[in-house]
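What follows is a set of notes on a single structure, which appears directly below.
Here is how names work: the chains are called A, B, and so on, in the same order as the sequence lines, proteins then strands, and each is numbered from 1.
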Number of protein chains: 2
Amino acid sequence: MGGQGGGPGAPRAVDVARLAGVSQKTVSRVFNGERYVSAEVRERVLRAAEGVGYRLNGAARALASGRTRSIGVVTLGTALYGPASLLICIERAARDAGYALRVVNTLEGDPAGVAGAVESLLEQGVDGIVVSEPIDEGSVSLSVDIPVLVLGAPAAFGGPRAVAAGVGAESLARAATEHLLDLGHVTVHHLAGPQRWFAARDRLQGWRAALAAREREQPPVIEGDWSASSGYTAGHELAAAGDVTAVFAANDDMAVGLIRALLEAGLRVPHDVSVVGFDDIPVSAYVTPPLTTVRQPFDAVAREGLRLLVQAIEKPDAEPAPAGDPPVELVVRASTAPPPTGGGRPAPGSRDSAHAPPTTAD
Amino acid sequence: MGGQGGGPGAPRAVDVARLAGVSQKTVSRVFNGERYVSAEVRERVLRAAEGVGYRLNGAARALASGRTRSIGVVTLGTALYGPASLLICIERAARDAGYALRVVNTLEGDPAGVAGAVESLLEQGVDGIVVSEPIDEGSVSLSVDIPVLVLGAPAAFGGPRAVAAGVGAESLARAATEHLLDLGHVTVHHLAGPQRWFAARDRLQGWRAALAAREREQPPVIEGDWSASSGYTAGHELAAAGDVTAVFAANDDMAVGLIRALLEAGLRVPHDVSVVGFDDIPVSAYVTPPLTTVRQPFDAVAREGLRLLVQAIEKPDAEPAPAGDPPVELVVRASTAPPPTGGGRPAPGSRDSAHAPPTTAD
DNA sequence: TTGAAAGCGCTAACAT
DNA sequence: ATGTTAGCGCTTTCAA
C-alpha cells in the first residue's frame, strides 16, 4: 500500500517480473489489460505488484507508446459559474474516458492567450486539446496536428483537426426570449454579455432570432461584462428609458444587478418589468424575486464533446458522428409575468409573487 | 511556427543539433537555460529550432530526469464559488512557479475519494500534490513520499511530507461574528456548513471563539449543506424561534436563502435580523439587501501554499518558512445593522437600507 | 565551452 | 500464452 513516489528506487516492472517469476513484458501485459495472459499468471503478477508497491510510470509509458493518455484543457481563468461548471464536467467526462487532465488558464486580454496555452500543453504532452469557451481575441489560428475540441465557439477556431460542440446557447436564448413573448410582451430587451465572447454572441443571436421569427422590433442592445455591477448600470438605463416591459439578461449575475436597479427605480419585478436570466446559478431560486432563467446542459455537452474528441484521437479515420442537439431547459420562477397593461394578447392570469416560495420547474 | 504534435516525425533535439551544427547535448543545454553555451551557439540553436518547429518532449524529459515539472491538484468536483476560485488561483501560482497542472476531481461521498485521486496522480507523474479543501471522509491517511500541500485542512491529513496553508477561515468567521457583536447584538446565531468539511468546521470555530471571547451565549447551531435551499429551510426555523437578531451564515448562498425565508416570515433584514455571509460571491453586492460578508484571500493563500510546496520539491532540506497569516477582509454592506431594540449598547444611528444603493467597502 | 556514451522504464515488433 | 530485442527522446555522467 505504500506510496513510493516516482523517485529513484521506486519499483519497476522488471522488479515485479522477477518476483512473479515472469518476464517484464508479461507484467506490462497485465497492467495494460492485454489478452493472452492466463488468469493464474495475472493473479501472480498483481500480487507481486501490490507487494512491492508497484505503479506504472506514466512518463516512460508516454515515451515508449507515443500516447500520453491525457487531454489538455485551455480555459479562461475565471470563477464565473458557466466556465467553472463546464470545467468540472470536462474533467469527469475525460476521466470516464480514461484520460487525465492537464489544465492551463488564459487571462482575458492576454496577448499570448490561447495560442500560448496550447503551445505549453503540446510541450507537456497531450493526446488532444479542449478549448473551452474561448473568447475572440482576433485571428488566433491554431495549427496543431492533434485533435482539438472547441467548446462554445466555431470549430474553425481550432484548426484542421478540430471538432466542436456547444451548449446550444442560441436555442436557450431563443427559448428565454420566447417565454417572454409568450407571456404577451410586445418585445424584449437584451442585456448582452461582452461580445468578444462567443457565448455572448450566441445568446444575442438567439434573442434576435426569437424576435425576428415573430417580426418584433429589436430594441437597442445594452452590452454588459457579465458582472452584476454592469447589470445594475444597465438597469438604471433601462428604467430611464421607460418603455421596457421585459428583459433577457445574458447571465444571472447581470440579471440580479439589473433587478436591483429596477427596484431602486421604483419598478416592480415582474409586475412592471419581467426579467429572464441565463445559467441558473445556485442562488437564483432564492433571490428576490426568484429568477426565471435557463440552464446550460454542461454535462451533456462535455460528455458529447469528449466522445468526439476521444474518437478523433483513437480512431482518426472514422467519420465524426454529428453532435446531437443538447436539451433546452427553461426554469420558470417568479421574475417573469405578463406585461402590466397587456401589451399583446391577454395572458392567462397574472401574478405578483415577489414573496412567493421559490419554485423550480425541472 | 507550425505545430507538429508529439507524433512520430516530430523534430527531435538531434535534428536541431544537426541543423545548427552542434551536438544534441548542446541543444539540451540551450533549452534548459544551462550555463556554458556561447551566445553565438545559443542563437544558432534557437534559430534552427524555430526553423524546424522543435518542441521539447515532456515525457522524455520526465523519464530521463525523474522530474515532471508538474503538480497535481485534488479538488472537489463542485462549482461552489470557494473551491472554484481557489483552483484558479492555484493554477496561476503553479504556472508562475514553472509547473504545469494536473487536475483530478473527487466526488463528495466517493469511497475511493482523495486516496484514489492521489494514486492516479502518482501514476501520471507529478512532483508534488495539492489537496484542496478536502472533506473528512474518515481516516484517509495518505502515505506518499512526494511533497503534499494541504489547503484548508490539517497538515496531518497529507502524510509525512505535507505542508499546509489555509485561508484563515477561523479569523474570517471571527471577524464576521465580531462585526455583529460590535453592532450591539447580544449574541449571534450560526448557520454552519456541513461539518464533514474542514472549511465548515473552521468557520464554526471562529464563530465560537468570537462569542466565547465576549462570554456570550452560544445558540444551537443549525447545519446546512452550503446550498441556498438549506439556508432557506434554516431561515424558516430561525424565524419561528423568534429571538434571533443576528445570523452568521457559513457561505453567501446559504445567506441568500436564509434572507429570503426571513423576508417571507415578515422579518426585515437588517431592521429585525442582521445577516452576514461568507465568500463575497459575485452577486452579493446586488441581492436585496446587499450582503455583508467576508472575502477569502484565495490568491494570497494559493501563492503562499505553492511557495511552500515548490520549496519542498526543490529544496527538500530547507526549513519550511512559516506561512504568514492571510489578510482578513470584511465587506460591510446593508444586511447588517444594530439590533431592533438595542439589545446591547445603543448603537450609533440605525438604518434600513433595503433599497439603498449597494456599497462595497474595500 | 562542447561532445560522446549510457541509460531512464516502458511499449512495439517479432520471436517462440 | 509468454519471452526477447530494440528503441522512444531526452538528461546525466564523464571526457575532452
> Nearest heavy-atom pair of B:Asp127 and B:Gly66: which atoms, and what distance?
Replying inline: OD1-O, 4.4 Å
>> Using side-chain heavy atoms (C-beta onward) and a distance below 4.5 Å, is B:Leu19 in contact with B:Asp15?
In response: no
>> Ignoring hydrogens, what is the shortest heavy-atom contact between B:Ala59 and A:Ala62? Give both atom names and the distance.
In response: CB-CB, 3.7 Å
> Rounding to a whole Å, what distance do you find between B:Arg67:CZ and D:dC10:C1'?
Replying inline: 15 Å
> For B:Arg18 and C:dT2, what is the distance between atoms CZ and P respectively, to the nearest whole Å?
Replying inline: 19 Å
> Is any side-chain nitrogen or oxygen of B:Thr26 closer than 4.0 Å to OP1 or OP2 of C:dG3?
Replying inline: yes
Can you give each donor-acceptor pair under 3.5 Å made by side-chain atoms of residues 100-107 of chain B, sequence neighbours left out, with the distance rounded to 0.1 Å?
residue	atom	partner	partner atom	Å
B:Arg102	NH1	B:Gln124	OE1	3.1
B:Asn105	ND2	A:Glu91	OE1	3.3

> Counting just side-chain N and O atoms, does A:Ser28 come under 4.0 Å of either OP1 or OP2 of C:dT11?
Replying inline: yes
>> Heavy atoms only, 4.0 Å cut-off, all strands: where does A:Val22 land among base, sugar-phosphate and nothing?
In response: sugar-phosphate
>> Nearest whole Å is fine: how far is C:dC10 C1' from B:Asn57 CG?
In response: 14 Å
>> Using whole Å, what does the distance between atom C1' of nucleotide D:dA1 and atom CZ of A:Arg35 come to?
In response: 12 Å
>> Looking at B:Arg47 and B:Glu50, is there a salt bridge between them, counting it only when a charged N and a carboxylate O are closer than 4.0 Å?
In response: no
>> Please enumerate all residues that pass side-chain contact (heavy atoms from CB on, under 4.5 Å) together with B:Pro83, with sequence neighbours excluded.
In response: B:Thr78, B:Leu80, B:Trp197
> Is the phosphate of C:dT11, meaning OP1 or OP2, less than 4.0 Å from a side-chain N or O of A:Asn32?
Replying inline: yes
> Which residue lies toward the 5' end of DNA chain C, B:Ser23 or B:Ala60, if each is placed at its nearest nucleotide?
Replying inline: B:Ser23
> In a check of side chain to side chain contact (heavy atoms under 4.5 Å, CB included) between B:Ile71 and each of B:Val126, B:Ile129, B:Leu121, B:Leu309, which one passes?
Replying inline: B:Leu309
> Which nucleotide in the set D:dC10, C:dG3, C:dT2 lies at the smallest distance from any side-chain heavy atom of B:Arg12?
Replying inline: D:dC10
>> What is the distance, to the nearest angstrom, from the CZ atom on B:Arg44 to the P atom on C:dT1?
In response: 15 Å
> Rounding to a whole Å, what distance do you find between A:Leu63:CG and D:dC8:P?
Replying inline: 9 Å
> Where the side chain of A:Leu56 is concerned, which of C:dT2, D:dC10, C:dC10 is the nearest nucleotide?
Replying inline: C:dC10
>> Side-chain N or O of A:Tyr36 versus OP1/OP2 of D:dG3: is the shortest distance under 4.0 Å?
In response: no
> Side-chain N or O of A:Arg61 less than 4.0 angstrom from OP1 or OP2 on C:dC10?
Replying inline: no
> In whole Å, what is the span from the CZ atom of A:Arg55 to the P atom of C:dC10?
Replying inline: 12 Å
> With sequence neighbours left out, what residues match B:Glu314 under side-chain contact (heavy atoms from CB on, under 4.5 Å)?
Replying inline: B:Arg67, B:Tyr99, B:Val310
> Which angle, to the nearest 10 degrees, lies between the helix axes at the two ends of the helix from C:dT1-D:dA16 to C:dT16-D:dA1, each defined by five pairs?
Replying inline: 20°
>> Can you tell me if B:Ser38 touches the phosphate of C:dT1, counting only side-chain N or O atoms and a distance under 4.0 Å to OP1 or OP2?
In response: no
>> Check B:Asp299 with B:Arg303, please: is the shortest side-chain N to carboxylate O separation under 4.0 Å?
In response: yes
Close N/O contacts between protein and nucleotides 12-14 of chain C (under 3.5 Å):
residue	atom	partner	partner atom	Å
C:dA12	N7	A:Lys25	NZ	3.3

Throw together a table of side-chain donor-acceptor distances under 3.5 angstrom for residues 151-158 of chain A, partners on residues two or more places apart or in other chains.
none

